[in-house]
Structures are given as C-alpha cells and as structure tokens.
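First the structure, in the form of structure tokens, and then the observations on it.
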There are 2 protein chains.
Amino acid sequence: MPYTYQYPRPALTVDCVVFGYDEEELKVLLIQRDLEPFAGKWALPGGFVQVEETLDDAARRELREETGVTDLYLEQLYTFGALQRDPRERVVSVAYYALVNLFEHPVAAATDARNAAWFPADDTPPLAFDHEEILAAALKRLQGKVRYQPVGFELLPAKFTLTQLQRLYEAILETPLDKRNFRKKLLGMDLLLALDEVEQDVAHRAARLYRFDEEKYRALTEKGFNFEL
Amino acid sequence: MPYTYQYPRPALTVDCVVFGYDEEELKVLLIQRDLEPFAGKWALPGGFVQVEETLDDAARRELREETGVTDLYLEQLYTFGALQRDPRERVVSVAYYALVNLFEHPVAAATDARNAAWFPADDTPPLAFDHEEILAAALKRLQGKVRYQPVGFELLPAKFTLTQLQRLYEAILETPLDKRNFRKKLLGMDLLLALDEVEQDVAHRAARLYRFDEEKYRALTEKGFNFEL
DNA sequence: TCAAAAGTGTTAACCATACACCCATGC
DNA sequence: GCATGGGTGTATGGTTAACACTTTTGA
C-alpha cells in the first residue's frame with residue numbers, strides 16, 4: 001500500500017553498535033547482509049523505523065529480529081545524515097550503542113537467516129555504508145562515558161572479580177591500570193558489594209566476587225556524586 | 001507534487017537551541033509561531049529537513065531563514081522521536097545546539113515575518129511541542145561540555161577580559177568561581193593570548209583584553225590535552 | 001614445591017582550594 | 001578622594017601516581 005506526501009522525505013533507520021566483552025577484548029556484534037546494497041558485506045544491525053514506534057523501540061526491535069539479542073543497555077549515540085551514505089536514496093540513520101554480556105547473550109540465529117557474529121571492536125572486516133564511521137564514534141563515546149559513569153558493568157557477569165573489572169577497563173580505555181590504585185579507587189566509592197563467594201575452578205588462589213550495587217549508585221547519583229574512574 | 005513510498009515515513013525536522021550571552025546571563029533564541037499547531041506560542045527555531053541537504057545544513061538554513069543568524073558554532077545534540085511530540089503526525093526531530101555572540105548576531109527580522117527574541121535560558125515562556133525538554137537537554141549538555149572543552153569562547157566577543165570569561169562560566173555552570181584560581185588555571189593552560197589592549201570607556205581601571213588562541217588549542221588537542229575547567 | 005594470580009600500604013609529587021589586600025582609573 | 005573593579009601569592013589539605021612483596025591455592 002503506497003503512502004504519499006506533499007514533499008519528499010528521507011528514509012529513517014536505526015543502526016546499533018552492540019559491544020560485548022569476552023574477558024579478553026572488546027567485541028562488536030555484526031551481521032552479514034544478504035540483500036543489496038552491500039550483499040555479503042558485514043554491517044551493523046539496524047533497519048527502518050516504523051511510523052508507530054519510538055526510536056528506542058525500533059533499535060530494540062531490529063536487534064531482536066536480526067541478532068536475537070534482547071534486554072540490554074541501550075543509548076542513543078548520534079544521527080548520521082550525509083547525503084550519499086546509502087547508495088539507493090537519502091537515508092538518515094539514528095545510531096545507538098549497546099552494552100551486553102557476551103556470554104549471557106549468545107547470538108541466536110537471526111530470524112531472517114542472516115549471519116551474525118562477534119568481531120574485535122578495533123579489527124572488523126570492512127563494513128557496509130558508513131558503518132565504520134558509526135563504529136568509531138561509538139567507541140569514542142564509550143571511552144568517554146566509561147570514565148565518569150559506571151556503564152562498564154553491563155559488559156560483565158553479575159558477579160565478577162576486581163581483576164576482571166580492571167581488565168575490562170583496560171580493554172575499553174586501551175591503557176594499563178595500576179592494580180593497587182584501581183582497587184583503592186573502586187572500593188573507595190562504595191559501589192561494589194563484596195560477596196561471600198570466590199571464583200571457581202581456577203588453578204590458583206580464587207578471587208573474591210563482587211556485585212555492582214545499583215541501589216547505592218542511584219542514591220549517590222541523586223546527591224551529585226560523580227563516578228570518575 | 002506528491003511523493004509516494006511503499007511504507008509510511010515519519011517526517012524529519014531539525015530544531016535548534018541557540019544560546020547567547022549578554023554579559024549577564026545565558027539566553028536562548030526563540031521564535032513565535034504564526035501557524036498551527038501552537039500558533040502564537042514560542043518555540044525553538046527549526047523545520048523540515050529537505051531531502052537533498054545534510055542535517056547540519058538543514059539546521060543552518062532554518063536558523064538563517066527564521067532568525068537571520070548565520071555563522072555559528074553548531075553541534076548535534078540528540079534526536080527526539082516520541083510518538084506524540086507533534087500533534088499532527090509522526091515527526092522525528094534532530095536537535096542541535098548552537099553558541100553565538102549575542103551582540104555580533106542581532107536577531108534580524110525573520111524572512112517569514114515571525115517574531116524572534118532572546119529569553120533567559122532558565123526562564124522561558126511555555127514552549128511548543130517538546131521544546132522545553134529539548135532546551136533542558138541542551139542546557140545540560142552545555143554545562144557538561146564547557147567543563148572539558150573550551151566552547152564558551154563562541155559566546156564572547158573575540159577580545160574579552162578575564163572577568164567577562166569568568167562571569168560567563170559562572171552563568172553557564174550556575175556557580176560562583178574564585179577569581180584568583182580561575183585566572184591561574186586559564187592562564188596556565190596557555191590558550192589565551194594577552195593583547196596589548198585594554199577595555200575602553202569603563203569607570204575604573206581598564207582590564208586587559210585577551211583572545212582565544214585556536215591554533216594552540218588545536219595543537220594541544222592533537223597531543224591529547226584536556227581542557228578541564 | 002612450583003606456578004599463577006590475589007591481595008595489600010606508603011611515600012612523594014602534584015593539584016585544588018581558600019583566602020585579602022593593594023593598585024589603577026575615572027568621576 | 002572615593003568608588004569600582006583589576007590584579008596578584010601563599011599555605012594547606014587532599015588526590016593521584018608510583019612502586020614490590022607476601023599469601024593462597026591447585027596442579
């Protein structure tokens with residue numbers, strides 16, 4: 001059924017940069033396109049915004065449909081509107097970035113049978129459209145954000161060790177951190193709940209597990225507290 | 001001439017939050033609507049994105065057409081896509097914020113004869129659409145940005161005194177700053193060029209004028225320098 | 001008993017903050 | 001000469017950064 005307007009309208013899409021962490025490096029979730037343009041190329045998951053859904057809803061829906069990933073931390077990144085970013089016609093895309101626990105969110109076969117897989121965030125195959133630019137912007141945003149907001153916890157299991165947390169921050173910031181200073185700072189914030197549990201099945205002394213205390217974080221944020229790694 | 005598509009498309013607009021500074025408080029540029037919906041109400045300048053112009057271009061064009069303001073610092077803020085933000089139909093709006101020198105950019109009569117005027121940024125009349133929400137987001141962004149990037153200089157004349165600069169920061173951050181510490185910090189950054197000029201026509205000792213050294217700023221930024229008020 | 005990672009304090013350098021008086025100028 | 005804002009330095013406390021060894025555990 002056709003829809004007619006008095007003036008031409010750009011198409012509107014969402015694209016999602018989904019970051020994951022596999023205890024080693026930062027990953028990004030890509031899908032392989034099976035339609036033109038760029039058939040066979042890897043790209044960010046995304047698609048057209050429907051007229052009766054919000055932008056956030058569109059991003060979540062596309063992610064679910066194309067990668068099976070649900071229930072994630074999602075935040076709007078930037079809107080890309082260059083004239084030739086899609087060779088077919090004018091397409092404006094609202095980009096989002098998301099953080100998920102890579103192990104708790106296995107990449108289900110996408111409903112429309114495209115391939116979906118995790119790639120190192122700083123070493124992807126060539127991407128379709130302007131998706132490399134979008135990915136670069138998302139990485140930069142994540143690096144900025146992580147310094148003053150405790151977003152990184154979304155990337156870890158609910159229970160984690162301080163070393164895991166430190167490795168994650170090192171992976172995101174691409175810089176080594178001092179163990180003692182890192183622990184001092186994090187523990188000093190009083191945002192981590194020490195559990196009476198240690199990690200299992202390791203070939204050395206088992207580390208204590210912690211949990212991020214969201215309650216406390218909310219309380220502190222309201223009082224004008226700043227995370228500041 | 002009608003344009004027809006296979007699926008319905010949201011309309012796409014830009015809205016601009018233009019901040020100015022009158023040596024006293026932070027102002028925002030509003031226009032008075034003369035068309036429905038919200039005829040007679042004050043609103044942010046903005047309008048429809050044309051299919052052959054980028055989002056930035058659309059923002060600049062609308063500003064020029066509606067307020068006569070050109071040649072300003074402009075940055076994308078956020079894209080607003082709530083379902084009922086426009087009562088007529090689904091409209092997604094890419095919001096921008098801009099900084100201009102209020103005195104060097106007098107508000108020309110808008111080409112389409114709407115009224116345009118400056119209002120205190122924290123005390124506007126009720127605004128059309130979700131523009132109050134957009135304004136609040138822009139204010140928050142400005143307050144965040146100003147702490148670690150020297151954006152504020154766009155709001156001042158090219159030559160300014162340190163006291164003017166301090167007042168501006170106080171207005172944006174809504175907090176008083178210590179004169180000696182402020183000067184120490186700013187001058188220590190080596191980003192201000194002291195001129196051999198002083199202000200004119202003041203009834204007390206004339207203050208030295210400074211100019212922001214963009215060259216030096218660019219050089220430092222590349223080396224990973226951080227502004228940090 | 002060895003390997004591997006956990007856990008833990010101190011010091012020195014730097015930075016942020018608080019604070020008050022004299023000076024130059026125009027009226 | 002007085003009112004107005006311009007301009008300047010120091011001392012203190014807190015924060016960050018650098019740094020190495022002992023402990024626990026499983027293999």
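In what follows, every chain begins at residue 1, and chains take the letters A, B, ... in the order their sequences are listed.
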- Query: Would you call the rings of B:Phe227 and B:Phe153 parallel, tilted or perpendicular if under 30° counts as parallel and over 60° as perpendicular?
  - Reply: perpendicular
- Taking the side chain of A:His204 as its heavy atoms from C-beta onward, which of C:dG7, D:dT25, D:dG9 lies nearest to it? D:dT25
- Nearest nucleotide by nearest heavy atom, which residue falls closer to the 5' end of DNA chain D, A:Val202 or A:Lys185? A:Lys185
- Task: Rounded off to whole Å, could you give me the CG-to-C1' distance for the B:Asp201 and D:dT4 pair?
- Result: 16 Å
- Query: Once the angle between the rings of B:Tyr78 and B:Phe80 is folded into 0 to 90°, is it parallel (under 30°), tilted (30 to 60°) or perpendicular (over 60°)?
  - Reply: perpendicular
- Query: Is the A:Phe129 to A:Phe38 ring centre distance short of 6.0 Å?
  - Reply: yes
- Task: Report the nucleotide, chosen from D:dT24, D:dC19, D:dG6, that has the shortest atom-to-atom distance to any side-chain atom of A:Arg205.
- Result: D:dT24
- Can a side chain N or O of B:Lys179 be found less than 4.0 Å away from OP1 or OP2 on D:dT8? no
- Query: C:dT17 P sits how many Å from B:Arg180 CZ, rounded?
  - Reply: 14 Å
- Task: Can you tell me the distance, in whole Å, between the CG atom of B:Asn181 and the P atom of D:dA11?
- Result: 15 Å
- Note on the structure: Of B:Gln164 and B:Asp178, the one whose closest nucleotide on DNA chain D sits nearer the 5' end is B:Gln164
- Over how many whole Å does the gap from A:Leu187 atom CG to C:dT8 atom P extend? 8 Å
- Item | d(CD, B:Gln166; C1', D:dG5) in whole Å | 12 Å
- Message: Is the phosphate of D:dG6 approached by B:Thr163 (side-chain N or O, under 4.0 Å from OP1 or OP2)?
- Response: yes
- Item | B:Leu177 CG to C:dA16 C1', straight-line distance once rounded to whole Å | 13 Å
- Item | Whole-Å gap separating P (D:dT23) and CZ (A:Arg208) | 19 Å
- Message: Ring-plane angle category for A:Phe119 and A:Trp42, please: parallel below 30°, perpendicular beyond 60°, tilted otherwise.
- Response: perpendicular
- Item | Separation of C:dA5 C1' from A:Glu23 CD (nearest whole Å) | 15 Å
- Message: With a 4.0 Å limit, can you tell me whether B:Lys184 has a side-chain N or O closer than that to the phosphate oxygens OP1/OP2 of D:dG9?
- Response: no
- Message: Please tell me if A:Arg183 has a side-chain N or O lying less than 4.0 Å from either OP1 or OP2 of C:dG7.
- Response: yes
- Backbone of A:Gly40 reached by a side-chain donor or acceptor of A:Gln32 within 3.5 Å: yes
